[in-house]
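Letters A, B, ... are given to chains in the order of the sequence lines, protein chains preceding strands, and every chain is numbered from 1.
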Amino acid sequence: EPEVTQTPSHQVTQMGQEVILRCVPISNHLYFYWYRQILGQKVEFLVSFYNNEISEKSEIFDDQFSVERPDGSNFTLKIRSTKLEDSAMYFCASTQERANTEAFFGQGTRLTVV
Amino acid sequence: AQSVTQPDIHITVSEGASLELRCNYSYGATPYLFWYVQSPGQGLQLLLKYFSGDTLVQGIKGFEAEFKRSQSSFNLRKPSVHWSDAAEYFCAVVLYSSASKIIFGSGTRLSIRP
């Protein structure tokens, strides 16, 4: 069964450092997403990406965040200068069409900023 | 305010008992409706979805949900729970006006009593 894969599963970084979270979406999917879940809180939308550009982004997705599809398979989330409050589980997802179709989620990357 | 509400933070039921998890939404138009499950250490998996038509929808793992327009609700049910159903359950919506992101409720944690 096709799946979304994320690496690494756990990343520890020092405050102020840059991190890149990586995702390989399902190969024939066209829409890609990043969500985050702070411990004990709800899953929050960060950004959606289609046709090599951002479709929509939330207030959380400020100038410290960026996304990229550097090749035909990877989809990355970069946090330029991490803050303590960026500590969360980050989920990548993909859909074949828009978000009203089934979204497939990766298992997440737990980011810990120290 | 526009929202997805899951009023129960934590529910414990006995194995073999029936289950109902509540979800209410508050949007001008009926959105696309979903239930996702998150097992410990796992990503999110779609249980079922409602777009239109029959208001009782069947999903995977023996779950079903009923859409009630008059109550703005989309409650998840299972007639007989299994220990493996212990997980976090998220109600979610996608708006017609912006079908590029999923909006999640705060989740209900389900524990199973042996």
Side-chain angles (χ1 to χ4, degrees), chain A residues 1-7 9-10 21 23-26 29-51 53-61 67 88-110, chain B residues 1-10 21 23-25 27 29-53 57-60 63 67 74 87-109:
Chain A
E1 183 175 313
E3 61 180 10
V4 176
T5 57
Q6 291 185 242
T7 55
S9 56
H10 190 191
L21 309 184
C23 170
V24 179
I26 294 173
H29 284 188
L30 302 176
Y31 293 80
F32 315 113
Y33 313 83
W34 284 100
Y35 292 82
R36 80 171 185 191
Q37 184 181 30
I38 295 172
L39 187 64
Q41 299 186 23
K42 68 168 69 174
V43 179
E44 301 172 289
F45 169 78
L46 291 178
V47 66
S48 57
F49 190 86
Y50 169 71
N51 200 26
E53 60 183 26
I54 291 174
S55 303
E56 187 171 353
K57 60 183 181 181
S58 71
E59 293 175 353
I60 303 167
F61 195 88
V67 289
M89 182 74 90
Y90 288 81
F91 291 105
C92 175
S94 69
T95 57
Q96 195 164 32
E97 298 174 14
R98 300 187 78 185
N100 55 324
T101 57
E102 179 174 358
F104 289 81
F105 285 80
Q107 294 196 337
T109 293
R110 178 164 297 285
Chain B
Q2 297 185 329
S3 65
V4 182
T5 303
Q6 293 181 249
D8 304 305
I9 297 172
H10 184 201
L21 302 183
C23 174
N24 293 92
Y25 61 90
Y27 292 93
T30 301
Y32 301 106
L33 297 160
F34 304 81
W35 275 97
Y36 282 86
V37 61
Q38 183 182 27
S39 298
Q42 302 293 310
L44 295 131
Q45 182 183 25
L46 179 68
L47 284 176
L48 46 77
K49 60 182 185 285
Y50 174 77
F51 291 173
S52 64
V57 294
Q58 303 296 320
I60 63 171
F63 286 92
F67 167 62
F74 188 56
E88 187 95 19
Y89 291 81
F90 292 94
C91 182
V93 305
V94 172
L95 306 181
Y96 287 114
S97 59
S98 168
S100 61
K101 67 181 180 186
I102 303 170
I103 303 167
F104 288 90
S106 53
T108 297
R109 184 159 63 92

Asker: So which residue, B:Gln6, B:Gln45, B:Gln38, B:Glu88, ends up with the most heavy-atom pairs under 4.5 Å with chain A?
Answerer: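 Option with the top pair count is B:Gln38.
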Asker: Let's test your reading of the structure: which of B:Leu46, B:Ile9, B:Leu95 forms the most heavy-atom pairs below 4.5 Å with chain A?
Answerer: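 Looking at each option in turn, the highest pair count goes to B:Leu46.
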Asker: Report the option among A:Val47, A:Val43, A:Val4 that has the most heavy-atom pairs separated by less than 4.5 Å from atoms of chain B.
Answerer: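 Heavy-atom pairs under 4.5 Å are most numerous for A:Val43.
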Asker: Side chain, backbone, both or neither: which part of B:Tyr96 has a heavy atom under 4.5 Å from chain A?
Answerer: neither
Asker: Got a sec, which residues hit side-chain contact (heavy atoms from CB on, under 4.5 Å) with A:Ser9, two or more places apart in sequence or on another chain?
Answerer: none
Asker: What part of A:Tyr31 lies closer than 4.5 angstrom to a heavy atom of chain B: side chain, backbone, both or neither?
Answerer: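 Neither part.
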Asker: At a heavy-atom separation under 4.5 Å, does A:Gln37 approach chain B through its side chain, its backbone, both, or neither?
Answerer: side chain
Asker: Please identify each residue that fulfils ring-ring contact (aromatic ring centres under 6.0 Å, His included) with A:Tyr35, with sequence neighbours left out.
Answerer: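 Expected list: A:Phe45, A:Phe105, B:Phe104.
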Asker: To the nearest 0.5 Å, how far apart are CD in A:Glu44 and CD1 in B:Ile103?
Answerer: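 Going from the CD atom of A:Glu44 to the CD1 atom of B:Ile103 covers 12.0 Å.
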Asker: Ignoring hydrogens, what is the shortest heavy-atom contact between A:Ser55 and B:Ser100? Give both atom names and the distance.
Answerer: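 Answer, listing the atom of A:Ser55 first, then B:Ser100: CB-CB, 4.5 Å.
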